[in-house]
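Dumping the structure here so I can ask a few things about it.
Naming: A, B, ... by sequence-line order, numbering from 1 per chain. When reading the values below, keep in mind they use all heavy atoms of this one structure, side chains included, and skip hydrogens, waters and symmetry mates.
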Amino acid sequence: MPELPEVETVKRSLEPYLAGEKITGVEIYYGGIVKEPEPAVFRALVQDKEIKSLGRRGKYLLLNLSGDLTLVIHLRMTGRLTVTDRAQPVDKHTHLIFRLSGEKELRFTDVRKFGLVYLVPTGCWNSIGGLFTLGPEPLEEEFTLACLHEKVERKKNTKLKNFLLDQREIAGIGNIYADEILFEAGLHPERPLATLTPEEIKRLFCAIRSRLGAGVESRGTSFRDYVDGTGAKGNFQNELKVYGRGGEPCGKCGTQLVKSVVAGRGTVFCPRCQS
DNA sequence: CCGTTCCTGGAT
DNA sequence: ATCCAGGAACGG
């Protein structure tokens with residue numbers, strides 16, 4: 001599931017292939033992926049634009065085009081965005097292809113069709129609700145311990161895991177990194193925010209930076225579908241301490257890891273190390 | 001806040 | 001044959 005570290009890795013891996021390239025054509029095989037504008041207008045607007053730069057906000061990938069337009073792409077759970085040789089056979093689940101000037105093309109593939117693509121004027125995110133209301137970037141300077149304190153104080157009764165998954169609070173954390181962050185911080189996923197001590201908030205802050213940073217360093221988690229922009233798998237799946245390990249012994253204390261449901265998501269934690 | 005919906009492949 | 005995975009929008 002592409003979360004912040006995965007989307008950042010896709011962005012970095014695509015940059016050398018896409019920056020400065022011209023989009024010479026677009027093929028839309030499944031129009032449902034293109035949310036705005038309608039597919040015919042989308043195709044016409046993208047035609048012959050240059051990809052000036054790539055960016056990321058939370059789990060959103062941004063392709064800044066000439067003409068002050070930005071292609072906003074969300075991979076949701078199973079989306080893949082890859083640079084592929086034109087000659088390579090098209091996958092059954094490829095919904096969108098951007099032809100490039102060279103021998104390569106950019107393909108959007110998504111088994112579950114949950115991915116989202118928008119084309120909007122650069123900076124005009126108001127039509128994309130999830131992007132418009134996105135919280136701070138946790139790996140940037142803007143996200144400080146004071147900032148986390150303030151957020152925690154405002155959402156007293158919220159459970160920690162719900163808080164971490166809320167993109168309006170902090171951008172880019174999904175189910176995998178939420179569980180890994182809580183394990184590293186030694187905090188129970190159902191702890192109400194109001195019960196956190198300053199020391200625990202500090203631990204949470206450090207764990208957010210550390211786990212997301214480590215995820216980026218390892219080029220993301222290829223637990224299932226995720227690959228980067230060149231089709232390469234990440235390595236962070238080898239460093240997961242709790243996600244996907246329900247029933248296994250905790251790496252720190254040996255207690256059996258518990259799998260439950262919190263915030264409507266599968267949640268794994270150590271009942272001894274996390275309180 | 002919580003549950004439901006979207007969608008498909010893989011697990012049971 | 002049925003259930004489960006889950007990001008984010010939406011309804012209650």
Side-chain angles (χ1 to χ4, degrees), chain A residues 1-10 29-36 56-62 72-81 90-96 108-118 120 125-135 137-138 151-182 189-195 212 215 220-227 234 236-237 240 242-248 257-269:
Chain A
M1 294 118 256
E3 307 178 25
L4 187 153
E6 289 74 35
V7 181
E8 178 64 23
T9 304
V10 170
Y29 298 101
Y30 175 69
I33 292 292
V34 179
K35 298 298 168 186
E36 178 191 332
R56 179 192 59 74
R57 267 292 276 139
K59 302 173 195 171
Y60 291 86
L61 187 68
L62 311 172
V72 178
I73 300 171
H74 197 303
L75 301 174
R76 294 291 264 271
M77 259 101 59
T78 52
R80 293 179 171 191
L81 199 62
V90 176
D91 182 278
K92 167 183 173 189
H93 301 295
T94 294
H95 307 310
L96 207 52
F108 182 94
T109 305
D110 186 2
V111 167
R112 289 161 78 179
K113 300 180 175 171
F114 283 4
L116 311 164
V117 177
Y118 305 82
V120 296
W125 315 138
N126 48 315
S127 64
I128 308 171
L131 180 54
F132 190 62
T133 60
L134 209 51
E137 283 294 323
K151 287 175 176 298
V152 165
E153 275 153 34
R154 263 192 296 109
K155 310 273 296 184
K156 295 186 194 320
N157 301 317
T158 306
K159 292 173 183 174
L160 251 178
K161 174 130 180 186
N162 297 61
F163 173 74
L164 288 179
L165 291 176
D166 190 339
Q167 304 302 300
R168 295 167 302 184
E169 300 295 345
I170 303 167
I173 300 172
N175 205 34
I176 296 174
Y177 292 92
D179 280 8
E180 295 300 312
I181 287 165
L182 291 172
E190 301 199 69
R191 269 288 287 281
L193 294 188
T195 67
L212 292 176
T221 304
S222 289
F223 193 81
R224 234 186 201 133
D225 304 277
Y226 166 74
V227 292
F236 199 66
Q237 63 278 11
L240 297 175
V242 287
Y243 182 85
R245 295 187 180 279
E248 294 181 25
L257 296 174
V258 170
K259 173 149 190 195
S260 68
V261 176
V262 183
R265 308 277 149 64
T267 299
V268 183
F269 64 97

Could you tell me whether the side chain of A:Leu75 reaches within less than 4.5 Å of the side chain of A:Arg80, counting heavy atoms only?
no
Is the side chain of A:Asn175 donor-acceptor paired with the backbone N or O of A:Gly266 at a distance under 3.5 Å, no angle test?
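Looks like yes, one N/O pair under 3.5 Å.
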A:Phe114 CZ to B:dG9 P: how many Å, rounded?
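It is 12 Å, rounded to the nearest whole Å.
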Can you check the A:Leu134 CG to C:dA8 P distance for me, whole Å?
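These atoms are roughly 8 Å apart.
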Nearest-nucleotide check on DNA chain B, A:His93 vs A:Met77; residue mapping nearer the 5' end is A:Met77
Side chain of A:Val111 only, please: which of B:dT8, B:dC2, C:dA5 is the nearest?
B:dT8
Is A:Lys161 touching bases, backbone alone, or none of the nucleic acid, heavy atoms closer than 4.0 Å?
nothing
Might you work through the side-chain contact (heavy atoms from CB on, under 4.5 Å) test for A:Ile173 and A:Leu4, ending with a clear yes or no?
CA-CA 6 Å; A:Ile173 300 172; A:Leu4 187 153; over 6 Å; no
Would you call A:Glu137-A:Arg57 a salt bridge at under 4.0 Å N-O?
yes
With no hydrogens and no angle check, do the side chains of A:Ser260 and A:Thr267 hold a donor and an acceptor under 3.5 Å apart?
no
Which residue lies toward the 5' end of DNA chain B, A:Arg265 or A:Thr158, if each is placed at its nearest nucleotide?
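Looking at the nearest nucleotide for each, A:Thr158 comes out on the 5' side.
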In whole Å, what is the span from the CD1 atom of A:Ile128 to the P atom of C:dA9?
10 Å
Find the distance A:Tyr118:OH to C:dG7:P and express it as a whole number of Å.
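Taking atom P of C:dG7 as the reference, OH of A:Tyr118 is at 16 Å.
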Determine to 10° how strongly the helix from B:dC1-C:dG12 to B:dT12-C:dA1 is bent, judged from the axes of its five-pair ends.
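Inter-axis angle at the termini of the helix from B:dC1-C:dG12 to B:dT12-C:dA1: 60°.
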Spatial distance of atom OG1 (A:Thr9) from atom CZ (A:Arg56) [nearest 0.5 Å]:
9.5 Å
Nearest-neighbour nucleotide for the A:Tyr60 side chain, C:dG7, C:dA9, B:dC2 considered
C:dA9
Any chance you could measure A:Ile181, atom CD1, to A:Leu160, atom CG, to the nearest 0.5 Å?
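It comes to 10.5 Å.
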If you pin A:Thr133 and A:Val261 to their nearest nucleotides in DNA chain C, which one's is more 5'?
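Upstream on the strand: A:Val261.
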Could you state the CG-P distance from A:Asp91 to B:dT8, rounded to the nearest angstrom?
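Checked: the CG to P distance equals 14 Å.
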A:Thr78 vs A:Gly130, nearer the 5' end of DNA chain C by closest nucleotide:
A:Thr78
Under 4.0 Å from OP1 or OP2 of C:dA8: is there any side-chain N or O of A:Lys59 that close?
yes
Round to a whole Å and report the spacing from CG of A:Leu131 to P of C:dA8.
11 Å
If you check every side-chain atom of A:His74, which of C:dG7, B:dT8, C:dA5 has the closest atom?
C:dG7
Once you apply a heavy-atom cut-off of 4.0 Å, does A:Gly264 come out as touching a base, just sugar-phosphate, or nothing?
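Touches nothing.
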Quick check on B:dT5: is either OP1 or OP2 less than 4.0 Å from any side-chain nitrogen or oxygen of A:Lys113?
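No, A:Lys113 has no side-chain N/O under 4.0 Å of OP1/OP2 on B:dT5.
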Report the relative orientation of the aromatic rings in A:Tyr177 and A:Phe236; use parallel for angles under 30°, tilted for 30 to 60°, perpendicular for over 60°.
parallel
Remember a base hit wins even if backbone is also touched, and classify A:Lys92 as base, sugar-phosphate or nothing at under 4.0 Å, heavy atoms.
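It contacts sugar-phosphate atoms only.
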With sequence neighbours excluded, tell me which residues meet side-chain contact (heavy atoms from CB on, under 4.5 Å) with A:Lys259.
A:Val268
Minimum-distance nucleotide (side-chain atoms of A:Lys159 versus C:dG7, C:dA5, B:dC2)
B:dC2
Rounded to whole Å, how long is the line connecting atom CG of A:Leu165 with atom C1' of B:dC2?
14 Å
So, is A:Gln167 near the phosphate of C:dA8, with a side-chain N or O under 4.0 Å from OP1 or OP2?
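Affirmative; the distance criterion is met.
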Using a 4.0 Å heavy-atom cut-off across all strands, classify A:Phe163 as base, sugar-phosphate, or nothing.
nothing
Could you check how far NE2 of A:His95 sits from P of B:dC7, rounded to whole Å?
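For the pair A:His95 NE2 and B:dC7 P, the rounded distance is 11 Å.
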Base, sugar-phosphate, or nothing for A:Asn162, non-hydrogen atoms under 4.0 angstrom?
sugar-phosphate
